[in-house]
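Structure, as structure tokens:
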Amino acid sequence: MVEPPQPLLTVGVIADTHVPDRYRGLHPFLEGALRERKVEHILHAGDISTPEVLERLNGIAPVSAVRGNRDWAFSGRLPWQRRVTLGKTTILLVHGHGDFSHYLRDKFWYLVQGYRAERYLRLIEREVTDEQVIVFGHTHRPLIQQRGGRLYFNPGSAAIYTAYAERPSLGILTIDMNGAVEAKIVYLPEVQSAPKDKRNF
């Protein structure tokens with residue numbers, strides 16, 4: 001019997017941590033979840049809000065990150081999109097909100113129609129070239145979808161509390177020696193608010 005290829009890389013995928021623009025600190029179970037799964041690289045799909053978050057995550061594994069629509073602190077320091085090659089797999093990392101005009105249009109259609117994954121996927125597809133995996137955030141909703149021969153992966157929001165129905169979450173990508181990729185969502189325990197006496201760094 002032929003043994004299946006062993007994972008070459010385990011990648012932690014997070015987005016929308018929102019520290020400190022919405023929450024005082026990182027989700028108290030986030031770092032433990034990443035360490036427990038022995039991630040070798042971390043992708044952050046934006047809305048980080050402070051460099052301290054990336055410094056903290058870098059203590060676990062190397063981090064590749066992009067700016068989100070609330071990442072004013074990273075102006076000129078992080079790109080809006082990044083192509084990351086891990087093993088034989090090339091990943092497009094974006095936040096997913098498009099430019100300012102797209103962001104405003106989405107706000108309008110969100111009020112009219114509510115959440116529609118298709119709106120974000122169509123927008124992100126404009127940036128795709130030859131990448132096998134597309135990682136994005138912004139919606140705070142987990143998504144794993146094959147589309148046009150590519151994997152589209154949103155880990156959901158890793159913030160302490162999300163206003164939507166989904167619980168806080170992160171993603172895990174496993175990339176084997178042949179370049180095959182598997183994605184899964186890991187849900188974090190619900191926490192109503194960050195500690196008020198100190199920032200959770």
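Everything quoted here is computed from the prediction, not taken from an experiment. Computed over heavy atoms, backbone and side chain alike; hydrogens, waters and symmetry mates excluded.
Counting only distance, with no hydrogens or angles, the side chain of T17 and the backbone of V19 share no donor-acceptor pair below 3.5 Å. The closest donor-acceptor contact from the side chain of S64 to the backbone of L43 lies at 3.5 Å or more, if one exists at all. A donor-acceptor distance shorter than 3.5 angstrom exists from the side chain of D47 to the backbone of N69, with no hydrogens or angles considered. A donor-acceptor contact shorter than 3.5 Å links the side chain of D71 to the backbone of I48. The main-chain N or O of A180 is never found under 3.5 Å from a side-chain atom of N178 such that the two would form a donor-acceptor pair. The closest donor-acceptor contact from the side chain of N154 to the backbone of G137 lies under 3.5 Å. Listed for the H138 side chain is no donor-acceptor partner under 3.5 Å among the backbone atoms of G46. T50 contributes no side-chain N or O that, together with a main-chain N or O of P20, makes up a donor-acceptor pair within less than 3.5 Å.
If you take OG1 on T90 and CD on Q132, they are separated by 5.0 Å, rounding to the nearest 0.5 Å. A distance of 7.5 Å separates NZ of K184 from OG1 of T174, quoted to the nearest 0.5 Å. Rounding to the nearest 0.5 Å places CD of E190 at 8.5 Å from NE2 of H27. From S169, atom OG reaches atom CZ of R141 across 11.5 Å, with rounding to the nearest 0.5 Å. Put simply, CD1 on I134 and CG on L121 are 10.0 Å apart, with the number rounded to the nearest 0.5 Å. Here the CD1 atom belonging to I144 is positioned 10.0 Å from the CD atom belonging to Q146, to the nearest 0.5 angstrom.
Side-chain contact check for L57 versus I14: some heavy-atom pair is nearer than 4.5 Å. You'll find the side chain of K38 stays beyond 4.5 Å of the side chain of R35, heavy atoms only. In this structure the side chain of L78 reaches within 4.5 angstrom of the side chain of L54, judged on heavy atoms. By the 4.5 Å heavy-atom criterion applied to side chains, I60 and E31 are counted as neighbours. Looking at L173 and L151, their side chains come closer than 4.5 Å, going by heavy atoms from C-beta outward.
Shown here for G179 and T89, the closest heavy-atom pair between the two residues is O-OG1, 3.2 Å. Pairing each heavy atom of A159 with each of P168, the nearest pair is O-CB, 3.2 Å. The shortest non-hydrogen separation linking V135 to A45 is CG1-CB, 4.3 Å.
The side-chain contact (heavy atoms from CB on, under 4.5 Å) check on A33 picks up R37, L170, L188, with sequence neighbours excluded. Legend: residues meeting side-chain hydrogen bond (donor to acceptor under 3.5 Å, both in side chains) with E125, ordered by chain and number and at least two apart, are R147. Every side-chain contact (heavy atoms from CB on, under 4.5 Å) that S75 has, sequence neighbours left out, goes to R67. By the side-chain hydrogen bond (donor to acceptor under 3.5 Å, both in side chains) test, E131 pairs with R83, T129, sequence neighbours left out. Residues passing the side-chain hydrogen bond (donor to acceptor under 3.5 Å, both in side chains) test with S49, sequence neighbours excluded: D21. Checked against side-chain hydrogen bond (donor to acceptor under 3.5 Å, both in side chains), E182 has no partners two or more places apart in sequence or in another chain.
Put simply, the residue from L92, L93, I124 that forms a side-chain contact (heavy atoms from CB on, under 4.5 Å) with Q81 is L92.
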Discussion item. For a side-chain contact (heavy atoms from CB on, under 4.5 Å) check, start with the C-alpha distance between F153 and I185, then their side-chain angles and the critical distance, and finish with the verdict.
Written reply: CA-CA 9 Å; F153 187 36; I185 300 296; 3.5 Å; yes

Worksheet item: How far apart are the C-alpha atoms of V133 and I175, what are their side-chain angles, what is the distance that settles it, and do they pass the side-chain contact (heavy atoms from CB on, under 4.5 Å) test?
Response: CA-CA 11 Å; V133 179; I175 304 171; over 6 Å; no

Item to complete: Could you walk me through whether H41 and L9 pass side-chain contact (heavy atoms from CB on, under 4.5 Å), step by step?
Response: CA-CA 8 Å; H41 201 95; L9 285 170; 5.8 Å; no

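In this structure, Y152 and F136 have perpendicular ring planes: the angle between them is above 60°, well past the 30° mark.
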